[in-house]
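In what follows, a structure is listed as structure tokens, so that the remarks can point back to it.
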Amino acid sequence: MPDEAVRIESLTKVYPGGIRALEDVSLTVRTGEFLVVLGLSGSGKSTLLRCVNRLIDPTAGRIWIFGHEITAAEGSQLRTSRAQIGMIFQQFNLVRRHSVLLNVLSGSLGRAPFFRSLVTRFPEEEAERARACLERVDLGGRGASRADALSGGQQQRVAIARALMQQPSLILADEPVASLDPALRHSVMRHIEALNRDEGMTVICTLHDIDLIQRYATRMVALRDGMLVYEGGPDEFDGETFKEIYGQDAVPTSTLTT
Amino acid sequence: MTDPTQNAATPVPGWRRNLTRLQAIGIDIVLWVLALLMTEFLVIAFSGRRGPTGLLVTPEEVLLLLHYGVMAVAAVMLAMAWHLARGILGAPPGGALVYGLPEEEQDVPWSQTFRGWFVALLIQLTLFTGWLITEVQLVTFLTKFSKASDIIRGLLHPSGEILQQGLVLLVQTIFLAFMATAFAIPFAFVLSFLAARNLTRRNRLTRLAYTLVRAGMNFTRAVEPLVWALIFISWVGIGPFAGVLALWVHSVAALVKLYSEQVENIDPGPVEAITATGASAIQVLRYGVVPQVIPPFLSFTIYRWDINVRMSTIIGFVGGGGIGYILKPRVDLGQWGEVGTLVLLIAITVWVMDILSAKIRERIV
């Protein structure tokens with residue numbers, strides 16, 4: 001595995017209408033890192049993450065994923081690249097009417113036989129793997145439930161299992177715990193940490209809570225108005241740097257006061 | 001990605017500004033033309049003028065007597081004058097529609113603006129003109145009821161003779177509606193994705209498909225099923241199949257509109273998530289879009305079947321099969337007892353379908 005998981009060079013994104021979401025961002029993520037991206041809402045964090053798997057097409061700049069350029073990829077080449085990048089969303093983005101197991105199985109769509117996937121018939125070894133993924137996020141018995149019957153924390157764990165199902169080398173997590181009850185945040189973050197620590201998956205994650213950052217990040221970068229304004233390790237991160245990034249009025253929040 | 005600030009950030013090009021101005025003044029010209037022509041219409045109609053036969057001119061003849069050209073020129077001048085003098089007279093109706101009300105006129109009641117009185121007068125004129133053109137005869141309506149009493153009596157005393165034939169054709173009517181709906185589903189299903197803006201805006205080819213499908217369906221929907229029935233009767237001959245085809249075409253167009261609105265309202269989240277797994281466009285459709293739209297699609301389809309049952313009772317009037325086919329000659333011959341039987345059968349069916357479809361749709365959504 002190459003030493004560089006993601007290399008971003010002079011990435012710029014201008015939305016139609018002239019909003020400049022990213023301005024000349026250059027960044028390298030090493031394999032095995034747990035990189036936390038900080039910044040106020042609207043600072044370009046989500047856009048940055050979505051440029052990495054091309055859910056959003058950048059206006060200028062180039063991105064390499066494990067040495068392969070994704071900015072120029074099209075068609076099946078792009079889909080192969082996406083398949084090795086798992087993504088976790090703030091709103092979980094499960095297919096609510098599908099079963100939990102089918103939601104996890106949809107993680108294998110990138111490699112699934114096309115016509116069988118259209119009638120939701122997946123190979124037995126994929127079903128086996130999907131059940132194993134559910135075990136991993138402690139939802140072993142819930143495969144048959146409808147996705148929207150689960151609680152928020154459980155749904156996010158299903159989403160993690162779906163990402164795991166892709167057998168990715170890179171995980172993008174866009175505010176994975178922001179819509180969860182503070183008490184549940186660690187339980188979800190621990191599963192993402194496990195992917196990073198036990199599977200060696202590189203993680204790029206946007207987070208806000210200072211204690212979560214200090215607990216899970218191996219490195220941090222911060223964006224302000226689409227520009228990279230900070231880069232450093234979790235040890236150097238304190239109230240002062242927080243104020244630098246979020247502005248003087250900001251107060252560091254923590255999820256639990258234990 | 002939608003961008004809420006898009007409008008604020010993009011400067012308005014000059015041609016677009018001119019287009020809006022043209023739109024504003026165009027609306028005013030049309031309103032003035034209508035006001036002037038209707039005034040002239042009423043003046044002539046009440047002037048007691050007599051036609052070449054010596055009788056009072058009929059409303060239709062008055063329509064031929066109006067000075068359209070003169071009024072159009074006058075309307076243009078009046079509309080322009082109002083736009084130029086809007087400082088004194090207040091915003092004209094077209095300007096108010098296109099640009100919105102200017103600040104200083106926001107709280108003025110309508111009765112204190114020239115625009116308010118103009119619109120009120122226009123509504124009055126339309127009512128009077130409409131009364132004359134549609135030949136409303138209130139006195140006849142209120143005094144000549146006895147002429148229709150035969151029909152009412154017939155409807156109240158349905159004849160049993162036609163019951164059997166009526167029931168047979170009623171079965172045909174319901175199946176006719178069912179087949180038309182069933183045939184419409186696959187076509188509407190496929191086309192609705194092409195008629196949804198959120199799925200088609202990403203590339204040039206699908207944008208073209210969107211425009212074509214939308215335009216085609218709008219046209220198809222604008223043509224009444226009775227007209228489609230006439231077309232298909234000359235194609236496949238008189239009978240229920242022509243009715244099936246007529247309702248099918250109309251249902252496809254109607255369902256595409258309803259379906260595609262649902263597709264446009266889906267949560268983009270799952271689409272994003274499925275795309276991110278490396279799925280192909282068809283797989284994204286299958287996993288990200290379809291599961292979200294199945295319940296509303298089902299609901300609309302049942303609703304459409306309900307509508308088709310209503311329509312299929314009429315489609316027989318022109319030869320499209322179903323119960324209307326035997327209803328029409330009996331109306332023409334004045335066999336009111338038999339008409340009564342058929343009307344009752346139709347009413348019961350429509351009523352039952354209405355309740356059934358409402359109940360089922362309640363369950364689904």
Side-chain angles (χ1 to χ4, degrees), chain A residues 13-21 42 46-47 49-50 52-57 75-98 102-103 105-112 114-115 117-120 146-147 159 162-163 165-166 168 172 174, chain B residues 1-13 16 186 189-190 193 197-207 259 262-263 265-299 363-365:
Chain A
K13 173 65 188 178
V14 184
Y15 284 114
I19 301 290
R20 304 184 78 83
S46 291
T47 306
L49 253 58
R50 281 167 174 73
V52 170
N53 63 356
R54 285 276 304 281
L55 286 179
I56 291 175
D57 287 327
S76 64
Q77 209 189 341
L78 174 61
R79 294 201 296 276
T80 313
S81 294
R82 275 178 181 159
Q84 59 171 324
I85 307 172
M87 191 155 186
I88 298 161
F89 301 85
Q90 179 178 352
Q91 298 299 335
F92 329 135
N93 290 356
L94 299 181
V95 180
R96 299 167 58 86
R97 296 175 46 80
H98 278 174
L102 189 53
N103 267 290
L105 276 166
S106 69
S108 71
L109 281 174
R111 56 176 185 269
F114 178 73
F115 288 104
S117 77
L118 291 190
V119 289
T120 66
R146 245 177 74 152
R162 175 174 64 189
M165 186 70 189
Q166 287 176 239
L172 306 172
D174 187 15
Chain B
M1 293 292 286
T2 50
D3 188 347
T5 52
Q6 196 166 339
N7 290 334
T10 355
V12 183
R16 192 173 278 276
F189 186 81
V190 173
F193 297 113
R197 191 183 289 274
N198 54 342
L199 301 186
T200 52
R201 77 178 142 219
R202 272 201 106 157
N203 87 51
R204 195 180 290 267
L205 199 71
T206 52
R207 272 203 303 269
Y259 284 1
Q262 290 306 311
V263 175
N265 281 333
I266 57 166
D267 171 10
V271 176
E272 216 179 15
I274 300 295
T275 311
T277 65
S280 66
I282 302 287
Q283 287 172 326
V284 171
L285 209 61
R286 170 68 186 82
Y287 283 83
V289 181
V290 170
Q292 294 195 56
V293 295
I294 287 294
F297 275 26
L298 264 176
S299 160
R363 288 280 150 172
I364 291 173
V365 178

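Numbers restart at 1 for each chain; the letters A, B, ... are given by sequence-line order, proteins then strands.
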Okay, Arg162(A) and chain B: the region with an atom under 4.5 Å from a heavy atom over there is side chain

Best-contacting candidate, His98(A), Arg54(A), Arg96(A), against chain B by heavy atom pairs under 4.5 angstrom:
His98(A)

Under 3.5 Å: donor-acceptor pair, side chain of Tyr287(B), backbone of Ser117(A)
yes

Roughly how far, to the nearest 0.5 Å, is CD1 of Ile85(A) from OG1 of Thr277(B)?
11.5 Å

Inspect the surroundings of CZ in Arg146(A) and state if more than 12 heavy atoms from other residues, nucleotides or ligands are less than 6.0 Å away.
yes

Between chain B and each of Val95(A), Thr120(A), Leu118(A), count heavy-atom pairs under 4.5 Å; write down the option with the most.
Leu118(A)

Report the option among Pro268(B), Ser280(B), Ala281(B), Gly288(B) that has the most heavy-atom pairs separated by less than 4.5 Å from atoms of chain A.
Ser280(B)

Is the count of non-hydrogen atoms from other residues, nucleotides or ligands lying under 6.0 Å from Arg197(B) atom CZ greater than 12?
no

I need the residue from Gln90(A), Gln84(A), Gln166(A), Met87(A) with the largest number of non-hydrogen atom pairs under 4.5 Å to chain B.
Gln166(A)

Can you tell me how far apart CD (Glu272(B)) and CD1 (Ile56(A)) are? Round to the nearest 0.5 Å.
7.0 Å

Between Leu55(A) and Ala276(B), what is the shortest heavy-atom contact and its length?
CD2-N, 4.1 Å

In terms of heavy-atom pairs under 4.5 Å, which option from Thr275(B), Asp267(B), Val290(B) contacts chain A the most?
Thr275(B)

Note: vs chain B, highest number of non-hydrogen pairs under 4.5 angstrom among Arg111(A), Arg97(A), Gln91(A) is Arg97(A)

